[in-house]
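Notes to accompany the following structure.
Being a predicted model, the structure only gives us computed values, none of them experimental.
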Amino acid sequence: MTQPVSPPRDSTAKVPEAQPPAWRGLLARADVRTLSLLGVLAALIVVGGVTKPDEFLDTRNLQLVLTQASVVGVVTVGMTFVIVSGGIDLSVGAIVALASVWATTVATQEYGFAGILFTAIVVGVGCGLVNGVLIAYGSMVPFIATLAMLASARGLALQITDGKTQIVTVPSVLDLGERDAYVLGIPPLVMVFAVVTVIGWLVLNRTTFGRRTVAVGGNPEAARLAGIDVRRQRLYLYLLSGLCCGIAAFLLIVLSGSGQNTNGNLYELDAIAAAIIGGTLLTGGRGTITGSVLGVLIFFTITNIFALNNLQSDVQQIAKGAIIVAAVLVQRRTASTT
């Protein structure tokens with residue numbers, strides 16, 4: 001009986017290569033800029049721990065840094081979306097001020113916790129709506145439209161308060177700022193900031209809305225030809241920025257226990273600077289929520305270290321300015337090599 005003949009082996013067949021370790025894939029996918037920002041933040045923590053070990057590394061001090069960063073951080077998330085789309089919002093600080101004083105009037109406080117929160121968010125979204133309509137449908141330059149909102153919101157906030165501080169008397173709002181409200185040592189404001197950050201990251205990176213935002217910022221005409229309603233998208237983005245300002249205003253009310261027309265001073269500069277440091281292009285088309293949040297943490301860590309070492313506030317501003325210039329130069333160098 002004839003034995004079956006096995007087919008000849010292909011001498012050219014390749015032996016399957018061993019799969020690389022999983023950790024190499026993770027490192028390969030890691031954002032170099034994010035890792036760099038983490039390195040800078042770690043270095044600052046080391047500096048703070050060396051110069052003022054007892055004060056800086058104290059749990060209460062770290063909680064304070066995170067709590068203060070949370071207010072600007074929420075604003076920065078909204079700002080990142082706007083800048084990624086190729087826009088800018090200079091009015092965020094003024095919107096925070098207006099929302100905080102409107103939400104802390106005597107008439108508003110009569111409605112308790114819900115009334116204050118609702119008013120802050122509605123005022124923020126309303127201002128964002130005005131910005132969005134002027135820019136998207138009024139064809140106004142974002143710089144001019146938001147600059148006008150900055151002046152108007154500041155003026156209205158001053159008119160409402162008559163230059164006076166409005167004290168919050170609602171216990172349920174004030175209790176959120178007490179240590180008894182902390183969950184596992186984490187302040188409620190920090191938890192809100194974390195939730196906003198996660199939602200912002202998911203929206204920008206995992207939704208059609210995020211992809212449309214990047215497309216509009218990269219090339220508005222190409223986005224329009226691809227079927228994206230560019231004007232409506234821009235309107236939504238300024239509404240989102242206003243929403244973040246409203247949330248930040250409420251957090252600031254909890255943190256300070258009051259509403260003042262001076263609230264949110266220079267928030268627009270801090271938010272823009274944090275976004276730039278985090279890798280968001282001022283020309284639009286690229287940006288990361290993670291990078292922007294790390295930028296905020298870096299700024300507030302620097303401020304805290306300077307304060308603990310009794311350095312003047314003007315030195316802090318000079319340091320921030322130097323960091324912004326360095327970040328922009330890195331962006332230009334990166335863009336020229338790609």
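Shortest non-hydrogen contact noted between Ile228 and Arg212 is CD1-CG, 3.9 Å. A pairwise comparison of heavy atoms in Val254 and Leu189 identifies CG1-CD1, 3.6 Å as the closest pair. Heavy atoms only, all atoms of each residue included: Tyr238 and Val82 are closest at OH-CG1, 3.7 Å. Contact between Arg234 and Pro220 at its shortest, heavy atoms only, is NH2-CG, 3.7 Å. Closest heavy-atom contact between Ala181 and Pro188: O-CG, 3.5 Å. Smallest separation of non-hydrogen atoms from Asp89 and Met79: O-CE, 2.9 Å.
Taken from CG in Leu158 to CD in Gln260, the straight-line distance is 12.0 Å, to the nearest 0.5 Å. In this structure, Ser70 OG and Ile247 CD1 are separated by 12.5 Å, a value rounded to the nearest 0.5 Å. Taking CG from Leu204 and OG1 from Thr213, the interatomic distance works out to 6.5 Å, rounded to the nearest 0.5 Å. To the nearest 0.5 Å, atom CD1 of residue Ile277 and atom OG of residue Ser36 are 13.0 Å apart. Atom CG of Leu282 is separated from atom CD1 of Ile272 by 7.5 Å, given to the nearest 0.5 angstrom. To the nearest 0.5 angstrom, Glu110 atom CD is 8.5 Å from Thr105 atom OG1.
Remark: side-chain polar atoms of Gln166 are paired, donor with acceptor, to backbone N or O of Val101 under 3.5 angstrom. Using modelled atom types, one side-chain atom of Asn61 and one backbone atom of Phe56 make a donor-acceptor pair closer than 3.5 Å. Judged by distance alone, the side chain of Gln63 and the main-chain N or O of Gly185 form a donor-acceptor pair under 3.5 Å. Side-chain N or O atoms of Ser292 include one that pairs as donor or acceptor with a backbone N or O of Thr288 at under 3.5 Å. Not a single donor-acceptor pair under 3.5 Å links the side chain of Thr119 to the backbone N or O of Ile116. Checking side-chain atoms of Asp58 against main-chain N and O of Asp54 turns up no donor-acceptor pair under 3.5 Å. At distances below 3.5 Å, at least one donor-acceptor pair connects side-chain atoms of Thr108 with backbone N or O atoms of Trp102. In terms of modelled atom types and a separation under 3.5 Å, the side chain of Asn205 and the main chain of Trp201 share a donor-acceptor contact. Put simply, the side chain of Thr303 gets close to the backbone of Phe299: a donor and an acceptor are under 3.5 Å apart.
Taking the side chain as every heavy atom from C-beta outward, Phe193 and Leu66 never approach each other to under 4.5 Å. Side chains of Ile160 and Leu156 form a contact here, defined as non-hydrogen atoms less than 4.5 Å apart. In this structure, Thr165 and Thr161 have side chains that are not in contact, with every pair of non-hydrogen atoms separated by 4.5 Å or more. Using a 4.5 Å heavy-atom cutoff, the side chains of Val130 and Met149 are in contact. Using a 4.5 Å cut-off on side-chain heavy atoms (C-beta onward), Leu174 and Thr169 make no contact. Contact of the Thr290 side chain with the Leu294 side chain is registered, since non-hydrogen atoms from C-beta on lie closer than 4.5 Å. No side-chain heavy atom of Val230 sits less than 4.5 Å from a side-chain heavy atom of Gln233. For the pair Val75 and Cys244, the minimum side-chain heavy-atom distance is 4.5 Å or more.
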Exercise for the section: Quick one: do Asn131 and Ser91 satisfy side chain to side chain donor-acceptor pair (under 3.5 Å)? Show the steps, please. Expected result: CA-CA 9 Å; Asn131 281 337; Ser91 64; 3.1 Å; yes

Exercise for the section: Please step through side-chain contact (heavy atoms from CB on, under 4.5 Å) for the pair Leu150 and Thr146, ending with a clear verdict. Expected result: CA-CA 6 Å; Leu150 183 155; Thr146 57; over 6 Å; no

Exercise for the section: Might you work through the side-chain contact (heavy atoms from CB on, under 4.5 Å) test for Tyr137 and Arg232, ending with a clear yes or no? Expected result: CA-CA 9 Å; Tyr137 296 96; Arg232 185 172 60 186; 3.9 Å; yes

Handout entry: Steps toward side-chain contact (heavy atoms from CB on, under 4.5 Å) verdict (Ile121, Leu243)
Key = CA-CA 6 Å; Ile121 291 178; Leu243 173 62; 3.6 Å; yes

Exercise for the section: Decide side-chain contact (heavy atoms from CB on, under 4.5 Å) for Leu41 and Thr301; before the verdict, give the C-alpha distance in whole Å, the side-chain angles of both, and the deciding distance to 0.1 Å. Expected result: CA-CA 8 Å; Leu41 184 59; Thr301 303; 3.6 Å; yes

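A single hydrophobic cluster is seen to contain both Val77 and Ile276, as judged by linkage of ILVMFWY side chains at heavy-atom distances under 4.5 Å, directly or through other members. Connection of Leu266 to Leu147 is not established within any shared hydrophobic cluster, with ILVMFWY side chains joined at heavy-atom distances below 4.5 Å, either directly or through further cluster members. Follow the hydrophobic side-chain contacts under 4.5 Å out from Tyr267 and you reach Leu255 in the same cluster. In this structure, Val198 is a member of the same hydrophobic cluster as Leu251, with clusters built from ILVMFWY side-chain heavy atoms closer than 4.5 Å. Note on Tyr182 and Phe250: separate hydrophobic clusters, where clusters join Ile, Leu, Val, Met, Phe, Trp and Tyr whose side-chain heavy atoms are under 4.5 Å apart, directly or indirectly.
The aromatic rings of Phe209 and Phe81 sit tilted, their planes meeting at an angle between 30° and 60°.
Counting heavy atoms of neighbouring residues, nucleotides and ligands inside a 6.0 Å radius, atom CZ of Arg179 exceeds 12 of them. Within 6.0 Å of CZ in Phe118 there are 12 or fewer heavy atoms belonging to other residues, nucleotides or ligands.
Between the side chains of Thr104 and Gln109, no donor N or O sits under 3.5 Å from an acceptor N or O.
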